[in-house]
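So you know, we letter chains A, B, ... as the sequences are listed, proteins then strands, and number each from 1. Basis for what follows: all heavy atoms, side chains included, without hydrogens, waters or symmetry-related copies. Computed from a predicted structure; not experimentally measured.
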Amino acid sequence: MRSMAAVYNKEILTYFRSPIAYFVVAVFLLGTGYFFLFNVFLTGSANMDTTLQNMGILLVTLSPFISMRLFSAEYSARTMELLATLPLKPWQIVFGKFLGAATILLLLTVCTMVNLVPLYLYGNPEMSTVFAGYLGFFLLGMACIAVGQLFSALTQNQIVAALVTVAVLLAFWYVGHLRNYQGPGVLRELSSYLSFALHYGDFIQGLLRSEAAAFYLLVCAAAMTLNAAYLEWRR
Amino acid sequence: MRRRDDAQRGLPRMAALKNMSSFRAGMILLLGVALVAVAAVAHTILMRHQVWTSLVALAGVGLMVFGASAMRRELAGMLGRRRGGIAMQTLGAVGIICALAYLSVLFPLRYDITSSKRFSLSEQSVRMLRAIDKPVKITFFHDPMMRETVELYELMVRENKNLSLVLHDPVLNPAQARMMNVQFAGIAILESEDRRIQINGPSETDIANGILRASQGKKQLVCFLDGHGEADAFSQESHDHMEGAAGHSHGMGAKVVLHEQHGMAKARQALESMNYSAEKISLVKTEHTLKRCALLIAAGPKVALLDNEVRAIRTFLREGGNAFFLLDPFVKSGLEPVLGEYSMVLDDDIVIDETNHFWADPSAPAVSSFNFHQITRELPLTFFPGARSISPTKDRVPGTSAIPLVNSSAQSFGETTQDRAQFNEGVDPKGPLTIMAVARRSPGAVRNAAEIMANLRGEKLTPEKVEEKLADLEKVKPSRLVVAGDSDFATNSFFHLLGNGKLFLNAVNYLAAQENLIGIEPRTFDVPRVNLTNQQMKGTFFLSLALIPALLAVIGLAVWWKQR
């Protein structure tokens, strides 16, 4: 546990010492603010569902820039060998780094909540739905980071890691559209099940589903398992 | 010495033989995997179970087992190595994750945390669904956009084991849709015992009532009025309509032609397939026949009803009955005062629409956009061969509401003379004209209701008479009425064309389904609004878009500068 905490602390420090995290979060908040203002000024709706929907797409495209450096930076700085020889199990390294990135995600999520202040002051939003939406947002973010972390471990180039992750996450986001095409029922069910957007859509409408929450957590688990196995394989 | 040479020569030979047998076993294993893959792909493409795919898969599994058993030493060696162990452990972990995902789908839990509970069933629905004691099979045709309705069906089916649900997409599975006579996504077929009901509505009320109707053995009786030249509900007769042919017109030709031979068997059969029973009734002999009817249809009477018949209909409606009047142009049906009680007047005209009409007949107005109502929901183009218009009464009768459903175009007009089709300014009413309307009457009455109705009938009322009429009106039960200014659209010749049949059936469903309905309040929720002053808008803009992003950008720049 202590070794994992050490990896976590190192990750957090690295994030705060790097300008990338600040810029990524700033760009994310800029986008979120724009969508929020569009929703409030133009539609006059005191709900967060439209904003959260757009935040989901933003997260899918920007979260890889948080996760891209998790392992790729270690390769390029030639510290991966050092990390591999430390008395740490691969899953401890993976989990520690994941928690570090998840903390940045949590900060990002909290920062977006600034939009709730005017909404709450001047309107009467349905807080239960907002809560469900944010829960879905955080779970989606965790899944995105776990997938990004896996691709960061697979390549030494941070940009490649980010771009591949964006492609994969966008595929996960839009895979639900495949259910519109002719095909066997199982494949259609599978495309719906694998869709990030469909599960997220339930959360932002105020519907908590066990299978949606389990899906995001299992995506995290699968990505981290493969990540740890790859590190073990490389040793 | 010679024996040692033999032994030395034999070793590489043994190794070569061993390698060869390993290679063969490996090939057999791969062949087995390939056969299983071929069977899986074939099964996926064919989308149904085939004996040969099973045999191929079986052969594949057999070869895999044989190959693996022949290579057991090599495989054990591979797995015994470090990377083999990692691969096996990873595969195992991924397998467990997949199993957990499958279990999460198999045993789903859902929590509707919206304040209006808009993703949950109402208590009335749940109570009603749990009480159903007969199996009801629901086949719902949906498209991917109807996820919420699918979920509603799934929630309902979960409440009772007697309910089963099959889902189809009519675009992806057109054969199934054709077999069940379904044309559009959004239609559900409910089957129970020998009953078969079709429902279109996506709301909880529509679905719950459909299930209730399907599960109930009693068929609702639709009564077709007889004895005045109405279209016969049991007649299969129909015409070939070569419009423009000499001497054939439903509206304005040399003169108005009334087709007494038109039957309505197609409409009746469609009703029977929806769990209604149909009967012809005559009100001349006995006035109380209507009590058994869930709905009365007067499909184009050619002569006026007798006073006692009108009285029987009025009593039927006052006691909560519902009626569908299809009344052709220039025919005095005797039902005009009854319509007046629902705030409607039949105009003495025929609708001529030079812009929107069917085929070459301007007296057959075609309508493609309708006023929003349960009856006209998702209705395709509909036309009315020879239709009169309907207007509201000068004063609306209190306790009633009349809503136009189908209107002709703004370029149409109502021809008031029977021998020509030419617009006369100031004489012929200008379009849009109402061709079909729905009206409701609620219980209770107000003082001027009696007077308005007396005026409609041309009666003179004393104060005592007013009191008497008011007391009379208090006894009125809620009832519904649909009036169409044409009967031909629902006859055998036109029922199956475009949206005509659907319009007729929707109207009947709307009218007759009422007595079984359970009262579920429609689920509504208000979207919370936020109205900002200019100052509040500026504050919100600054807080949401500028403050924190700018702060983070400055810190990011500082960190970058320091690193530099």
Side-chain angles (χ1 to χ4, degrees), chain A residues 16-23 25-27 29-30 32-34 36-37 40-41 44-47 111 114-115 117-119 121-126 128-129 131-132 177 179-188 193 198 205-211 214-215 218 221-222 225-226 229 232-233, chain B residues 43-45 47 82-83 86-87 89-90 93-94 97-98 100-101 103-105 107-116 118-119 143-144 147 169 171-172 525 527-533 536-537 539-541 543-561 563:
Chain A
F16 285 112
R17 283 177 186 159
S18 149
I20 294 176
Y22 294 105
F23 287 129
V25 176
V27 169
L29 291 178
L30 211 63
T32 303
Y34 171 76
F36 173 73
L37 293 180
V40 170
F41 290 175
S45 157
N47 265 350
C111 286
V114 74
N115 295 320
V117 175
L119 209 63
L121 282 178
Y122 310 128
N124 187 21
E126 196 177 59
S128 56
T129 315
F131 161 74
H177 290 225
R179 68 199 167 129
N180 296 353
Y181 298 104
Q182 175 92 42
V186 180
L187 288 185
R188 295 175 70 201
Y193 179 71
L198 289 179
Q205 286 187 347
L207 187 62
L208 300 184
R209 290 169 176 280
S210 59
E211 71 260 41
F215 169 72
L218 290 172
T225 303
L226 292 174
E232 183 72 39
W233 184 279
Chain B
H43 183 78
T44 308
I45 293 168
M47 290 170 69
R82 194 177 143 271
R83 285 190 167 177
I86 294 170
Q89 280 174 11
T90 311
V94 171
I97 287 169
C98 291
L100 286 175
L103 286 175
S104 75
V105 174
F107 303 103
L109 297 171
R110 64 198 297 284
Y111 303 97
D112 177 2
I113 62 168
T114 56
S115 54
S116 58
R118 56 182 182 271
F119 301 109
D143 62 32
R147 196 158 170 249
D169 187 328
V171 177
L172 300 182
F525 70 99
V527 177
R529 312 294 302 172
V530 56
N531 297 310
L532 304 175
T533 62
Q536 287 168 343
M537 280 172 108
T540 305
F541 179 86
L543 192 68
S544 299
L545 203 64
L547 182 67
I548 299 181
L551 203 68
L552 285 167
V554 168
I555 297 173
L557 275 173
V559 170
W560 172 74
W561 186 259
Q563 278 185 350

**Prompt:** Hey, what do you get for OH (A:Tyr22) to CH2 (B:Trp560), rounding to the nearest 0.5 Å?
**Reply:** 16.0 Å
**Message:** Heavy-atom pairs under 4.5 Å with chain A - which of B:Asn531, B:Ile555, B:Leu547, B:Leu103 has more of them than the others?
**Reply:** B:Ile555
**Message:** Looking at chain B, which one of A:Asn115, A:Thr129, A:Leu119 has the largest number of heavy-atom pairs inside 4.5 Å, strictly under?
**Reply:** A:Asn115
**Item:** Smallest separation among heavy atoms of A:Glu211 and B:Pro108, with atom names
**Value:** OE1-CB, 3.3 Å
**Fill in**
Turns out that what part of A:Ala221 lies under 4.5 Å from chain B's heavy atoms comes down to both
**Asked** In terms of heavy-atom pairs under 4.5 Å with chain B, which of A:Asn124, A:Leu226, A:Leu121, A:Leu218 leads?
**Response** A:Leu218
**Complete:** Heavy atoms of A:Ser210 and B:Ser104 approach each other most closely as OG-O, 4.4 Å
**Request:** Measure across A:Trp233 and B:Ala87 and return the closest heavy-atom pair with its distance rounded to 0.1 Å.
**Result:** CZ3-CB, 4.3 Å
**Prompt:** For the candidates B:Val554, B:Leu551, B:Thr114, B:Leu532, which exhibits the highest count of non-hydrogen atom pairs separated by less than 4.5 Å from chain A?
**Reply:** B:Thr114
**Asked** At a heavy-atom separation under 4.5 Å, does B:Leu557 approach chain A through its side chain, its backbone, both, or neither?
**Response** both
**Prompt:** What residue in B:Asp143, B:Val530, B:Thr533, B:Thr90 has the most heavy-atom pairs under 4.5 Å with chain A?
**Reply:** B:Val530
**Prompt:** Considering only heavy atoms, which portion of A:Ile20 lies under 4.5 Å from any heavy atom of chain B: side chain, backbone, both, or neither?
**Reply:** neither
**Asked** Can you name the side chain to side chain contact (heavy atoms under 4.5 Å, CB included) partners of A:Tyr34, sequence neighbours left out?
**Response** A:Phe38, B:Leu545
**Donor-acceptor under 3.5 Å (A:Glu126 side chain, B:Ser115 main chain)** = yes
**Item:** Crowding at CZ, A:Arg17 (>12 non-hydrogen neighbours, <6.0 Å)
**Value:** no
**Message:** Does any backbone or side-chain atom of A:Leu37 lie under 4.5 Å from a heavy atom of chain B? Answer side chain, backbone, both or neither.
**Reply:** side chain
**Message:** Less than 4.5 Å to any heavy atom of chain A: does that hold for the side chain of B:Leu100, its backbone, both, or neither?
**Reply:** both
**Fill in**
Looking only at A:Ala21, A:Ser18, A:Cys111, most heavy-atom pairs under 4.5 Å shared with chain B are made by A:Ser18
**Request:** Heavy atoms only: give me the nearest B:Phe119-A:Gln205 pair and the separation to one decimal.
**Result:** CE1-O, 3.1 Å
**Item:** Pairing residues for A:Tyr193 by the ring pair (Phe, Tyr, Trp, His ring centres under 6.0 Å) criterion, not counting sequence neighbours
**Value:** A:His199, A:Phe215
**Asked** Is it the side chain or the backbone of B:Ile97 that comes within 4.5 Å of chain A heavy atoms, both, or neither?
**Response** both
**Message:** Can you tell me how far apart CG (B:Asp112) and CZ (A:Arg209) are? Round to the nearest 0.5 Å.
**Reply:** 10.5 Å
**Message:** Can you give me the closest heavy-atom contact between A:Pro19 and B:Val559, atom names plus distance?
**Reply:** N-CG1, 3.8 Å
**Asked** Is it true that a side-chain atom of A:Ser128 and a backbone atom of B:Ile113 form a donor plus acceptor pair closer than 3.5 Å?
**Response** yes
**Asked** Does some side-chain heavy atom of A:Leu207 sit less than 4.5 Å from a side-chain heavy atom of B:Arg110?
**Response** yes
**Heavy-atom contact with chain B under 4.5 Å, split by part of A:Val27** = neither
**For the student: nearest non-hydrogen atoms of A:Ala229 and B:Ile86, plus distance** = O-CG2, 3.8 Å
**Request:** Side chain from CB out, backbone as N, CA, C, O: work out which of these in A:Phe131 comes under 4.5 Å of a heavy atom of chain B, or both, or neither.
**Result:** side chain
